[in-house]
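What follows is a set of notes on a single structure, which appears directly below.
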Amino acid sequence: MAASNATLARCLEEIAELLELDGQDRFRVRAYQRAAEAIRAADVDLARLPREELTTVKGLGGSTAERVAEHLDTGRIALLDELRQRIPEGVRALTRVPGVGPATARRLHDELGVGSLDELRAALATGAVRTLPGLGARSEARLRAGLERLEALDAQRLPIATAWSIAQELRAALAAREDVARVACAGSLRRLRETVGDVDVLVATEADPAPIHAAFRALDLVDEVLVAGDRKSSVVTRRGLQADLRVVAPDAWGAALVYFTGSKAHNVRIRERALRRGLTLNEYGLSRRDDGAVVASRAEEEVHAALDLAWIAPTLREDAGEVEAADTAGGRTPTLPRLVRPTDLCGDLHGHSDWSGDGRASLGTMAAAAADRGLAYWAVTDHAAGLPQVGLDAAGFARRREAIAAARETTGLAVLDGVELNILAQGAVDFDADVLAAFDWCVAAIHTGLEHDAATQTDRILAAIANPFVNAIGHPTGRRLGQRPGYEIELGAILEACAETGTALELNASPSRLDLPAELARRAVTAGVWLVISTDAHAPDELANADWGATYAQRAWASPAQVLTCQPLERVRRLVADKRERLG
DNA sequence: GCCGTTTTCGGCCCGACTGTTTTCAGTCG
């Protein structure tokens with residue numbers, strides 16, 4: 001089986017990392033990094049592309065395309081094999097220590113023979129590290145602390161909802177100060193990445209920034225101070241989450257927000273754009289290179305406009321085509337999508353009641369809460385019997401129909417009679433056609449056998465898609481943020497089958513899932529496959545997770561027209577009827 | 001190694017902080 005885009009991207013990233021450790025030209029390193037990013041953002045499987053078209057992917061040039069072709073043809077890349085042989089695995093591990101970059105790792109290895117984290121620990125103990133020119137006792141202490149922090153860091157990025165609540169506390173504490181004019185959370189939190197490695201807080205003030213920094217570093221939820229400057233502070237908060245504070249003048253708010261929101265790759269892209277216009281962009285403003293006059297700085301819209309760009313939503317800022325799409329140079333019309341917003345959602349097609357074992361509220365309570373949110377329709381999709389201890393059998397679903405009828409009566413809401421089917425080992429689902437035909441809406445999802453390889457999971461999902469009664473694939477990768485990565489799937493084949501059969505893919509809005517991942521969801525909407533943003537709510541308050549789902553879907557460049565739960569109920573019913581008619 | 005509103009060569013984002021440096025390299029975001 002040919003490698004997926006993700007695998008290819010990882011290989012090129014590793015080459016970049018090893019070339020850097022090898023002390024090679026940094027622009028060559030960056031070329032490999034950019035090629036990896038380009039592959040990850042590509043909307044086609046490179047394996048399906050004719051070899052001579054690989055270089056049409058922007059960021060892939062002669063050499064990097066050749067490496068990709070080599071991997072697709074042979075499953076290996078000679079350059080990568082050679083680098084791996086020359087640079088010990090342990091040396092790469094050194095750069096994971098905060099404060100150790102490629103240069104230090106190389107020196108530790110070349111000059112002290114340090115080739116692993118354990119050997120670094122030993123070299124610190126014997127005082128060998130401080131014998132290196134440029135590294136003294138304080139560096140030694142820093143590396144020791146870095147080694148300790150590494151273990152906390154290995155708990156890795158936090159799910160966005162966890163980081164969000166810590167960020168709100170930081171924000172509130174700063175907003176309460178009289179000398180703080182504005183405060184905002186930027187970084188990956190503002191871009192709504194599904195996991196967050198650190199929280200970036202931006203403050204604007206006319207006053208002296210030093211007391212604000214001091215107060216920030218002294219907050220109760222701060223465990224440790226990493227950096228203490230007048231313009232910048234870094235701390236470690238609860239749960240090992242790093243938080244960075246930047247304080248700027250109100251005049252620089254827009255430029256600082258652009259800078260601090262990132263992503264890094266996006267920033268690099270627009271700074272290059274500035275250079276080509278004789279301008280330079282930093283966190284204080286966009287200015288002319290010749291005389292330094294500031295052209296724009298107060299608002300993001302100003303900064304973008306001065307670069308001949310329409311304003312770019314933070315959720316798109318990943319250097320994945322958004323700068324090209326925002327281009328207004330020469331009177332061009334930007335091609336940015338009209339992004340889906342929480343208020344565009346008018347339905348929810350995945351929810352639970354206490355009819356199945358894991359629901360935490362009655363069907364009536366859930367329906368009333370859905371009606372309160374102003375939804376036009378809500379599907380109650382309790383688990384089917386294949387999920388032991390939890391699921392309902394056919395008789396149970398038949399009994400549930402009375403409760404559905406009652407809920408429709410009392411709430412006036414269109415409650416759809418739904419089910420969350422289990423995709424079993426060979427791709428079969430819990431019930432036969434005669435039982436399935438009675439439902440209004442069927443979600444099918446993998447709940448068991450999460451450990452299978454990509455080919456097996458894909459076959460199971462394809463079998464479910466071929467079922468005339470399956471309308472959507474629920475949480476398609478099975479990931480749980482911060483807990484498990486999810487199984488791999490071959491998306492290309494799945495998208496083809498979805499498009500052919502009129503089957504939707506769910507974007508599960510639970511902040512512990514956010515599944516489909518945005519990169520995959522973007523490919524789905526590009527392929528014309530319906531996205532179903534649903535909450536999978538097991539309790540009334542979880543219906544509000546729809547907001548997470550809608551905003552996260554912006555990262556997939558999704559418009560309301562591509563989201564089924566933004567469509568009226570008639571459209572949903574037509575989709576269901578069409579599939580049954582064509583395949584039934 | 002890639003790329004083009006300075007185009008097929010000569011560039012390649014920008015600044016804060018730290019440590020150990022008398023002027024800067026490394027790391028980080």
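So that the names make sense, note that chain A is the first sequence line, chain B the second, and so on, each numbered from 1. The analysis underlying the following values was restricted to heavy atoms, covering all of them including side chains, and did not include hydrogens, waters or symmetry mates.
With hydrogens and angles left out, the side-chain atoms of S510(A) and N545(A) include no donor and acceptor closer than 3.5 Å. No side-chain donor from either of T328(A) and D308(A) sits under 3.5 Å from a side-chain acceptor of the other.
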Output a table of donor-acceptor pairs, distance under 3.5 Å, between side-chain atoms of residues 256-265 of chain A and any protein atom two or more places apart or on a different chain; print 'none' if there are none.
residue : atom : partner : partner atom : Å
Y259(A) : OH   : R246(A) : NH1          : 3.3
T261(A) : OG1  : R190(A) : NH1          : 2.8
T261(A) : OG1  : L257(A) : O            : 2.6
S263(A) : OG   : H266(A) : N            : 3.2
S263(A) : OG   : R317(A) : O            : 3.1

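At the heavy-atom level, A137(A) lies under 4.0 Å from the strands shown only through sugar-phosphate atoms. I270(A) comes within contact range of no nucleotide atom at all, as no heavy-atom separation falls under 4.0 Å. Contacts of G187(A) with the nucleic acid, taken as non-hydrogen atoms under 4.0 Å apart, are absent. If you check every strand for non-hydrogen atoms under 4.0 Å, A228(A) touches sugar and phosphate atoms only. Nucleic acid contact for D230(A): sugar-phosphate only, since backbone atoms but no base atoms lie under 4.0 Å from a heavy atom of the residue. Residue G59(A) is classed as a sugar-phosphate contact, given heavy-atom separations below 4.0 Å to backbone atoms only. Within the nucleic acid shown, V268(A) comes within 4.0 Å of at least one base atom, counting heavy atoms only.
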### Task
Go through the steps to decide whether E140(A) and R144(A) satisfy the test salt bridge (Lys or Arg N to Asp or Glu O under 4.0 Å), and finish with yes or no.
CA-CA 6 Å; E140(A) 206 176 71; R144(A) 248 190 225 111; 3.6 Å; yes

### Query
Under the side-chain contact (heavy atoms from CB on, under 4.5 Å) criterion, do R30(A) and V268(A) qualify, and how do the steps go?
CA-CA 11 Å; R30(A) 208 170 96 190; V268(A) 169; 4.2 Å; yes

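Sorted by first and then second residue, the salt bridge (charged side-chain N to carboxylate O under 4.0 Å, His left out) pairs with a member in residues 328-341 of chain A read D327(A)-R332(A), R338(A)-D344(A); sequence neighbours excluded.
The CZ-P distance, from R289(A) to dT6(B), rounds to 11 Å in whole Å. If you take CZ of R273(A) and P of dC13(B), they are 15 Å apart, rounded to a whole angstrom. To the nearest angstrom, C1' of dC13(B) lies 13 Å from CG of L279(A). Y32(A) has its OH atom 7 Å from the P atom of dC2(B), to the nearest Å. Rounded to a whole Å, the CZ atom of R276(A) is 19 Å from the P atom of dG10(B). In this entry the distance linking CZ of R269(A) with P of dC2(B) reads 14 Å, nearest Å. Atom CG in L275(A) sits roughly 9 Å away from atom C1' in dC12(B) (whole-Å rounding).
The side chain of S63(A) lies closest to dC2(B) when the candidates are dC17(B), dC14(B), dC2(B). Of the candidates dC14(B), dA16(B), dC2(B), dA16(B) carries the atom nearest the Y284(A) side chain, counting heavy atoms from C-beta on. Checking dA16(B), dT6(B), dC13(B) against every side-chain atom of R231(A), the shortest atom distance belongs to dA16(B). The R332(A) side chain lies nearest to dT5(B) when the options are dT5(B), dT18(B), dC12(B).
The salt bridge (Lys or Arg N to Asp or Glu O under 4.0 Å) test with D81(A) singles out one residue from R76(A), R86(A), R67(A), and that residue is R76(A).
As rounded to the nearest Å, dC13(B) and dT27(B) have C1' atoms that lie 16 Å from one another. A distance of about 12 Å separates the C1' atoms of dG26(B) and dT21(B), rounded to the whole Å. Across dT20(B) and dC28(B), the matching P atoms stand 16 Å from one another, rounded to whole Å. Rounded to whole Å, the separation between the C1' atoms of dC14(B) and dC9(B) comes to 25 Å. Straight-line distance between the C1' atoms of dC12(B) and dG19(B): roughly 28 Å, to the nearest whole Å. Here the separation of dC2(B) from dC17(B), taken at their C1' atoms, is 31 Å to the nearest Å. Separating the P atom of dG11(B) from that of dA16(B) is a span of 26 Å, rounded to the nearest Å. Comparing dC3(B) with dT8(B), their P atoms sit 16 Å apart, to the nearest whole Å.
In this structure, R34(A) does not reach the dC2(B) phosphate: none of its side-chain N or O atoms is under 4.0 Å from OP1 or OP2. Listed pair N282(A) / dG15(B) meets the phosphate criterion, a side-chain N or O lying under 4.0 Å from OP1 or OP2. Close to dT20(B), at under 4.0 Å from its OP1 or OP2, lies a side-chain N or O of S139(A).
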### Task
Going 5' to 3' through nucleotides 21-29 of chain B, assign each nucleotide B (protein heavy atom under 4.0 Å from a base atom), S (under 4.0 Å only from sugar-phosphate atoms) or - (no protein heavy atom that close).
-----SSSB

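Using a 4.0 Å cutoff on non-hydrogen atoms, no part of residues 38-52 of chain A comes near DNA chain B. The stretch residues 302-329 of chain A comes close to DNA chain B through A329(A), each having a heavy atom under 4.0 Å from the strand.
Distance CG/L79(A) to NE2/H71(A): 12.5 Å, rounded to 0.5 Å. Note that OG1 of T95(A) and CG of L108(A) are 11.0 Å apart. Values are rounded to the nearest 0.5 Å.
The partner of dT8(B), taking Watson-Crick or G-U wobble pairs whose two distances both stay under 3.5 Å, does not exist in any strand shown.
Residue order along DNA chain B, read from the 5' end via each residue's closest nucleotide, puts L60(A) first among L60(A) and V227(A). Heavy-atom distances to DNA chain B give each of G136(A) and R30(A) a nearest nucleotide, and the one nearer the 5′ end belongs to R30(A).
Ion pairing of E318(A) with R193(A) is absent here, as no side-chain N (NZ or NE/NH1/NH2) approaches a carboxylate O to less than 4.0 Å. Remark: E37(A) does not engage R34(A) in a salt bridge, criterion side-chain N to carboxylate O under 4.0 Å. We find that R84(A) and E14(A) are joined by a salt bridge, their nearest charged nitrogen and carboxylate oxygen being less than 4.0 Å apart.
Residue D200(A) comes nearest to G187(A) through the heavy atom pair OD2-CA, 3.2 Å, listed as atom of the first residue, atom of the second, then distance.
Shown here are the ring pair (Phe, Tyr, Trp, His ring centres under 6.0 Å) partners of W253(A), two or more places apart in sequence or in another chain: there are none.
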